[in-house]
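The structure appears below as structure tokens.
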2 protein chains.
Amino acid sequence: MAAGEDRTTRSTVRTITDLARLAGVSPGTVSRALAGKSLVNTRTREKIEALAREHGFRPNQMASGLRRQKTGVIGVVIPLGHDTRQQISDSFFMTLLGFLADELTTHGYDLMLRRVVPGDDADWLDRFIGSGMIDGVIVIGQSDQFERIEEVADGYRSMVVWGNHQEGQRHCVVGTDNRLGGRLAAERLIAGGARRIAFVGDTGPMEFAARFAGAQDVAVRMGLPEVLPLATHLSPDRASEEIAGHLARHGRQIDGIFAATDTLAALCLTQLRAQGLRVPDDVKLVGFDDLPIARQTIPPLTTVRQDIAAGARGLVDLLLRRLGGETTESLVLPPELVVRETA
Amino acid sequence: MAAGEDRTTRSTVRTITDLARLAGVSPGTVSRALAGKSLVNTRTREKIEALAREHGFRPNQMASGLRRQKTGVIGVVIPLGHDTRQQISDSFFMTLLGFLADELTTHGYDLMLRRVVPGDDADWLDRFIGSGMIDGVIVIGQSDQFERIEEVADGYRSMVVWGNHQEGQRHCVVGTDNRLGGRLAAERLIAGGARRIAFVGDTGPMEFAARFAGAQDVAVRMGLPEVLPLATHLSPDRASEEIAGHLARHGRQIDGIFAATDTLAALCLTQLRAQGLRVPDDVKLVGFDDLPIARQTIPPLTTVRQDIAAGARGLVDLLLRRLGGETTESLVLPPELVVRETA
DNA sequence: GGGAATCTTGCAATCGTTTGCAAATGATCC
DNA sequence: GGATCATTTGCAAACGATTGCAAGATTCCC
């Protein structure tokens with residue numbers, strides 16, 4: 001059986017030198033043959049390739065990486081805000097990660113994943129970059145680390161960040177136009193008849209702040225009362241109670257809710273129902289992200305869609321161009337209102 | 001500013017040799033000092049550490065890995081069945097991945113993520129292992145690759161797999177007792193009065209097959225008709241139609257549904273409602289996993305809970321012990337019935 | 001057949017860190 | 001002060017693959 005053979009012989013031919021001995025050539029030639037360079041004779045190349053296949057030989061990536069000064073690995077780092085457990089169940093980041101993995105694989109790169117709690121060490125990003133293990137890094141979410149990222153960007157080119165774009169920033173970012181998304185949401189609520197709008201979610205993180213600001217833009221422009229910020233944490237268990245509290249206090253005064261994420265919107269739906277408020281009749285509701293859950297709530301969520309797959313493609317594309325020496329602009333993706341039944 | 005200083009000098013002190021020159025010692029001494037070995041004089045060690053900090057020096061992991069023959073990286077690979085897009089939105093795997101990342105980080109390991117489509121290359125696992133980039137590998141989900149994994153396990157010790165345990169298998173696996181979970185689900189359905197039970201989901205993958213078998217066990221033991229398998233894909237869009245079709249055909253003949261995952265259960269809920277069937281009055285429904293979504297459906301799902309965090313801990317713990325040379329048994333985790341309102 | 005031009009190959013240095021061994025330094029004791 | 005012993009250090013050889021350079025082998029042309 002081929003597999004068995006594989007295993008017995010694998011121990012004997014682990015290095016390019018072993019293979020060279022078998023093929024009766026020098027290690028250099030083997031290296032060139034396997035790299036597919038044109039400098040080696042077709043016959044020898046074929047012989048070497050055959051031997052390599054037969055013995056299941058794979059060149060050691062560490063050694064290769066060391067010598068060539070590139071590893072074929074892209075680092076992906078998720079900084080977790082103060083709220084440590086924050087994104088663990090956040091399917092948005094996880095979905096993005098899935099697409100990133102696919103996209104990087106397609107381009108022949110491996111993905112090294114790291115989750116860090118910036119509060120614990122200020123050095124989180126430098127450490128990752130300086131490790132020598134990665135050719136470039138994708139930061140998923142600016143969290144509260146905007147300044148740190150800016151500083152790093154000044155001295156390190158091979159980085160792209162998922163997040164919000166701000167006028168004049170120095171790091172290359174890919175992300176949805178959150179402010180526009182906020183406007184779309186508020187416009188929809190108002191078009192449906194809402195006059196007194198609340199924003200459910202933490203306005204601390206930049207992305208959320210921009211969504212909130214967008215909604216505010218519209219309220220002001222229309223001469224409506226200001227949008228009421230109702231702060232929550234992101235983890236479902238805490239948010240659930242918090243939302244219940246907010247609604248108990250303000251539920252009867254508002255007729256429109258813009259939730260910072262679909263996850264929060266789903267919780268709002270549950271709590272609204274618990275408090276006897278009908279959606280969309282008494283209160284209209286718009287979410288953000290268009291995660292799978294948005295289709296599965298009852299009634300299904302009207303929400304602002306982020307194109308996650310396009311985001312992943314953008315991140316990888318820009319990073320690869322930066323690795324190639326290009327200077328790249330940031331990429332701002334347009335959000336899209338998806339109308340279902342809650343607004 | 002310290003950060004600025006960092007950046008200007010970084011270029012000048014990239015290697016351990018640079019640092020050695022600065023400190024006036026040999027590279028070997030620097031290496032030992034930074035490794036915290038007791039062989040170096042406290043004073044020199046402190047001096048070196050100070051210099052390293054000052055210049056933001058980090059030893060190159062590639063070189064270190066090459067020399068020490070270990071990388072500090074654990075590979076995590078997700079084999080995707082024929083249904084390529086299968087798990088992309090599957091929050092179960094993504095959640096497990098999140099916990100794995102935390103757990104590995106805690107133990108000082110980095111995580112290299114790879115998603116593969118085994119159909120495309122039979123070599124997927126060997127290639128990953130043979131790359132020399134990882135000290136060990138965690139395979140998430142056996143998919144349809146049970147045999148391939150068995151073969152690899154014969155020649156490679158540093159591997160642990162998430163999946164279903166089968167009598168006499170040779171690879172070390174961590175997973176929930178799916179069959180028992182199936183039994184719990186069926187027992188609950190029957191205790192609530194169900195007599196004619198359907199299983200929604202693909203019975204191809206081992207885990208699902210075991211869940212189905214568990215339900216069947218109970219049906220047979222109780223003298224009820226056999227459990228009716230209603231096959232679906234995993235991706236929500238396709239599954240949705242399929243479930244609608246199944247229900248149109250069999251909806252009136254069944255009074256209990258055991259869904260292979262919570263995601264599918266949520267879809268069932270929507271489709272049942274669309275067809276005018278009430279849950280739990282007309283049809284009882286039990287899911288599997290206890291993902292966050294299980295709490296957010298209306299009514300909330302009764303489901304069989306898998307302890308994902310414990311699973312991640314188990315995977316990492318066993319793998320680390322294997323790296324240390326121990327021989328480890330598989331770990332089968334007990335599922336737990338979580339009663340909410342659908343059954 | 002001789003010489004130039006073109007292909008192939010081997011040699012050896014290199015990537016940056018670790019580590020066995022031996023030399024150097026310092027401490028200790030009589 | 002000298003012999004003994006324990007600490008610290010430096011030296012140089014690894015780890016495994018890549019690559020500039022130069023030598024050896026072929027081919028080609030007149």
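Note that these values count all heavy atoms, side chains included, but never hydrogens, waters or copies made by symmetry. Sequence lines set the chain letters: A, B, ... in the order given, protein chains first and strands last, and positions in each chain run from 1.
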#### Entry: Position toward the 5' end of DNA chain C (nearest nucleotide), B/Thr17 or A/Asn41
A/Asn41

Measure [atom1]/[X] against [atom2]/[N] and give the value in whole Å, please.
X	N	atom1	atom2	value
A/Gln61	D/dG16	CD	P	14 Å
A/Arg21	D/dG16	CZ	C1'	13 Å
B/Met133	D/dG16	CE	C1'	14 Å
A/Leu66	D/dA14	CG	C1'	13 Å
A/Arg68	D/dT19	CZ	P	7 Å
A/Ile48	D/dA17	CD1	C1'	14 Å
A/Arg14	D/dA17	CZ	C1'	14 Å

### Message
Test of understanding: with side-chain hydrogen bond (donor to acceptor under 3.5 Å, both in side chains), list the residues that count as partners of B/Gln145, not counting sequence neighbours.
### Response
B/Trp124

### Task
Using a 4.0 Å heavy-atom cut-off across all strands, classify B/Val25 as base, sugar-phosphate, or nothing.
sugar-phosphate

### Task
Look at all strands and tell whether B/Thr15 reaches a base, only sugar-phosphate, or nothing, counting heavy atoms closer than 4.0 Å.
sugar-phosphate

For a 4.5 angstrom cut-off between non-hydrogen side-chain atoms, does [X] reach [Y]?
X	Y	result
B/Asn164	B/Val173	no
B/Ile48	B/Thr29	yes
A/Met62	A/Leu66	no

### Query
If you walk 5' to 3' along DNA chain C, what is the first nucleotide with an atom under 4.0 Å of a heavy atom in chain A, and what is the last?
C/dT8 to C/dG16

### Task
With rounding to the nearest 0.5 Å, note down the distance linking CD in A/Gln69 to CG in A/Asp135.
10.0 Å

#### Entry: Presence of salt bridge, B/Glu151 and B/Arg148, under 4.0 angstrom
yes

### Ionic contact status for B/Arg170 with B/Glu150, cut-off 4.0 Å
yes

### Task
Quick one: do A/Gln61 and A/Thr71 satisfy side-chain contact (heavy atoms from CB on, under 4.5 Å)? Show the steps, please.
CA-CA 7 Å; A/Gln61 299 280 107; A/Thr71 64; over 6 Å; no

### Message
Under the criterion side-chain contact (heavy atoms from CB on, under 4.5 Å), I'd like the reasoning laid out for B/Val116 against B/Arg127: C-alpha separation, chi angles, the key distance, then a yes or no.
### Response
CA-CA 11 Å; B/Val116 298; B/Arg127 196 205 306 299; over 6 Å; no

### Task
Encode nucleotides 20-25 of chain D as B, S and - characters from 5' to 3', where the letter depends on protein heavy atoms closer than 4.0 Å: B to the base, S only to sugar-phosphate, - to neither.
B-----

### Message
Return whichever of B/Arg67 or B/Gly28 has its heavy-atom-nearest nucleotide of DNA chain D closer to the 5' end.
### Response
B/Gly28

### Message
Looking at D/dT9, I'd like to know if its phosphate oxygens (OP1 or OP2) sit under 4.0 Å from a side-chain N or O belonging to B/Thr44.
### Response
yes

